[in-house]
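By convention here, the first residue in the shown sequence is residue 1. Since this is a predicted model, take the numbers as computed values, not measurements.
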Amino acid sequence: MLEDAVQAAGLQAAGKDEVRTAGFRLENRSFSKGTFVLEGLETSKLFIDGKAVSDKSFSLEPGTHEVIVRYMDTPENTRPAVSVAVEKGDARIAEGGSRLFSLDINTIGESCSGVDVSPSGKLMTVSHSMKDSKGKSSGWTEIINVADSRTIFTTDKRVSWLSGSDELCYEKTAASGRSLVAFNPLTMAERTICAELPEHSYTLSPDESYLILNIETEGPKEGSVHQVVNPEDRQPGYRDRNSLAKYDIRTGMVQPLTFGYHNAYLADISRDGGKILFNTYKDEFGPRPTSKVSCYEMDMKTLAVTPVFENDGFVGSVRYSPAADKVMAMGSAEAFNRIGCTLPEDRYPNEYEYQLYIIDLASKEITPLTKDFDPSPQSWEWSRTDDRIYMVTEDGDKSSLYRIDPTTSKAEKVTSSEENVMRFSMADNAPVLVWYGESLSNFRRVYQIDTKKGKEKMVRDFNPSRLDGVRLGEGGSYSFTSSRGDEITAYYVLPPDFDSSRKYPMIVFYYGGCSPTTRYCIGAYSPQLYAAQGYVFLVVNPSGASGFGQEFASRHVNTAGEGVAEDIIECTEHFCADNQFVDKSHIGCFSASYGGFMTQLLLTKTDMFATGISHAGISSHTSYWGEGYWGYSYSQTSMADSYPWNRKDLYVDRSPLYNADKIHTPLLFVHGSADTNVPIGESIQMFTALKLLGQDTAFVVVDGENHHILEFDKNRQWLRTMSAWFAKYLKEDSSWWDELYPAKNL
């Protein structure tokens with residue numbers, strides 16, 4: 001029984017016959033159940049978080065909750081009081097005005113979804129998105145004066161800057177069709193660029209004389225009984241083809257530019273509109289790689305086509321340099337016959353450890369720009385003002401902004417105030433860069449940087465709208481030297497109001513290969529969400545992750561998790577030895593996709609974890625290789641030139657399914673029923689194995705969801721499910737799990 005809450009509720013006695021409202025807050029880190037006891041309040045109504053409570057009982061998810069009592073104040077109310085009887089959990093009267101991070105904070109509210117600076121650098125746009133409590137999405141764009149950060153106006157239209165001017169453009173829709181309109185944000189004057197837009201998607205040329213149309217042609221259809229021509233033919237839309245055409249805005253004439261079987265996609269248009277870059281793709285089922293890309297340049301006057309490169313299986317995006325005399329390409333270290341590779345010939349690079357290459361269009365000479373640069377580029381822009389290439393990189397467990405000199409390959413870090421740079425945009429004709437990002441302890445913020453002076457300024461702060469008054473857990477870095485002599489890095493978040501003299505349960509998160517787990521505040525696996533529930537949250541970036549250099553990343557290839565799992569186990573052991581506040585008997589682990597596989601693999605190797613969660617995890621490398629839409633193609637990265645018939649040690653011996661009898665730890669499987677990346681059968685077969693072995697396991701299916709759980713209500717239930725499972729085994733409290741999934745007699 002909590003203490004009498006009269007003062008906290010602000011109740012008044014012996015008044016007139018009138019309706020009064022009083023309120024207080026309850027706070028709980030664990031799922032809590034109980035009842036309210038109302039004394040001297042015969043006529044009253046009770047509300048928790050805005051919802052009426054009819055029978056005075058409550059079930060509260062972790063967080064801070066607003067309790068409102070609406071009552072009739074009469075002379076007979078001699079001593080009105082509210083008290084709380086807690087049956088389960090740790091609910092208590094909250095003191096002060098702060099609140100705990102919660103599921104609502106993590107999934108509801110305003111966010112930044114994009115930034116874009118005008119060519120002159122004088123104006124910028126910030127895109128806002130909003131998700132309300134019912135899951136409804138909305139959005140708007142703010143146009144801002146860069147000099148003083150003043151808002152000029154906002155619009156709900158989708159707008160973008162025109163090339164070479166400070167005009168925005170957007171589409172108008174009328175009964176007669178669509179048109180493309182430009183307007184000046186300062187004068188609001190409008191002009192029509194294209195009065196009749198074709199039905200296809202398009203890209204406007206910088207000189208506004210033509211559109212490049214992306215024409216999708218539907219492929220041949222078959223009945224319910226049909227032949228699958230090749231492994232990719234299972235995917236919806238695989239038989240459709242994309243071609244390019246030029247739409248002359250003045251005449252309305254459409255001129256086909258590409259044709260044939262292979263898909264063609266626009267990559268870039270030169271700034272004068274005279275030339276375009278486009279890519280074609282083709283599948284070659286046989287030795288790795290099975291998909292190859294070719295890049296071509298087309299003269300828009302003569303339509304003459306010149307190859308930039310052909311049939312490379314390791315190149316991704318391409319784009320022009322400012323003068324269009326060079327092409328920048330991003331690909332793996334195996335691109336262009338391994339010209340950017342630092343590994344021995346018999347060592348396979350990780351295809352997700354990206355490199356940048358410069359191709360001189362006149363000489364066709366290729367320069368591996370980032371060969372000796374360990375962070376992995378993810379996006380880039382080539383500045384016209386200082387001829388430097390600016391790039392967002394995976395930089396260990398951070399996402400950092402760098403710039404690199406294309407003539408010397410010398411890179412330097414650009415000062416940024418957040419740990420996770422997410423998106424950026426550069427002005428064409430001024431040293432202005434705008435970007436947004438976040439950190440472990442704050443949500444998204446928008447900044448502008450004077451790239452000449454190196455000065456940074458915050459433009460917009462989305463933190464208050466989501467986190468005002470929220471007590472966040474303190475984050476920090478951790479590293480240790482593994483038994484193999486490697487420095488393995490991690491980061492952690494501690495519970496709010498942390499007390500080093502206490503013992504806390506801990507949750508370990510990881511990905512297990514490919515991209516590193518960077519630092520962020522709000523999201524699917526938010527460290528703050530679990531820290532607010534009273535857990536230490538430890539994130540490990542084991543060997544095999546990109547962003548730490550080619551050699552480190554290459555350990556993802558042909559290991560099937562061997563060595564990676566040991567890094568996670570050793571990091572957990574070292575962190576516990578160095579931090580006595582961790583309750584070693586209550587440590588959980590979880591992740592998704594390859595990380596879901598890693599959860600299963602970890603539990604075949606150690607009993608140190610009290611429980612684990614595998615979301616959309618791979619249990620058998622063989623079945624995943626053959627059944628997932630991208631199974632065999634992703635395996636070209638993780639199992640390069642290794643197949644079920646020539647590497648039984650990888651596909652069988654290191655698959656959790658074939659080691660299921662070694663798991664003695666409670667394990668939850670969560671999977672979307674429509675997952676086309678990792679088919680749900682991967683969880684089904686492992687769940688079945690553990691059931692037959694008599695192990696403690698559970699399986700939760702999210703109907704209709706794919707690899708990511710995106711639908712609002714299902715996403716929230718998915719997050720609740722994982723928290724409830726951890727509470728059951730790390731707090732030894734099954735009440736939340738039992739509430740979500742009551743026992744059934746089947």
Side-chain angles (χ1 to χ4, degrees), residues 114-119 125 127 141 157-173 177-183 191-217 240-259 262-281 293-306 308 315-324 327-330 361 379-382 384 423 425-428:
V115 293
D116 196 11
V117 64
S118 69
T125 61
S127 298
T141 299
K157 297 180 175 64
R158 297 181 61 180
V159 296
S160 59
W161 296 110
L162 289 171
S163 179
S165 77
D166 284 357
E167 290 180 294
L168 287 162
C169 67
Y170 71 97
E171 286 187 11
K172 274 187 175 181
T173 303
R178 297 183 303 158
S179 61
L180 185 63
V181 176
F183 71 99
R191 63 182 177 87
T192 300
I193 299 173
C194 183
E196 296 181 9
L197 283 172
E199 62 180 6
H200 310 286
S201 61
Y202 61 89
T203 302
L204 176 67
S205 66
D207 62 358
E208 301 180 19
S209 66
Y210 63 86
L211 307 174
I212 297 295
L213 306 181
N214 297 289
I215 301 176
E216 295 183 4
T217 303
D240 299 342
R241 289 293 174 264
N242 195 88
S243 61
L244 302 177
K246 176 184 176 182
Y247 177 84
D248 188 285
I249 292 177
R250 184 178 63 84
T251 65
M253 296 291 293
V254 176
Q255 183 177 30
L257 300 177
T258 67
F259 65 95
H262 299 302
N263 283 309
Y265 297 95
L266 179 69
D268 202 1
I269 304 177
S270 64
R271 292 179 183 273
D272 62 4
K275 296 179 181 181
I276 67 169
L277 285 177
F278 66 95
N279 295 335
T280 65
Y281 298 85
V293 60
S294 297
C295 179
Y296 301 96
E297 183 179 54
M298 178 182 289
D299 187 299
M300 294 308 291
K301 290 183 179 179
T302 66
L303 302 189
V305 174
T306 305
V308 178
V315 179
S317 54
V318 297
R319 212 155 65 229
Y320 276 120
S321 66
V327 167
M328 176 78 82
M330 187 168 76
L361 290 175
S379 62
W380 80 92
E381 286 195 34
W382 198 323
R384 297 180 67 187
R423 297 285 187 274
S425 173
M426 299 197 69
D428 283 345

Pairwise side-chain contact, V327 with D268, heavy-atom cut-off 4.5 Å (strictly under): no

More than 12 heavy atoms from other groups under 6.0 Å of CZ on R191: yes

F259, CZ atom: more than 12 neighbouring heavy atoms under 6.0 Å: no

Exceeds 12 heavy-atom contacts within 6.0 angstrom, atom CZ of R423: no

CD (E196) with more than 12 external heavy atoms under 6.0 Å: no

Whether over 12 other heavy atoms sit under 6.0 Å from K275 NZ: no

Side-chain H-bond candidate by donor/acceptor type, Y320 with E297, under 3.5 Å: yes

Minimum side-chain heavy-atom gap C295-V315 below 4.5 Å: no

N214 vs H200 side-chain heavy atoms within contact, under 4.5 Å: no

Heavy-atom side-chain proximity of D240 to E216 below 4.5 angstrom: no

Side-chain heavy-atom pair S118, W161 within 4.5 angstrom cut-off: yes

Over 12 non-hydrogen atoms of neighbours within 6.0 angstrom of CZ in R158: no

Donor on one side chain, acceptor on other, D116 and S425, under 3.5 Å: yes

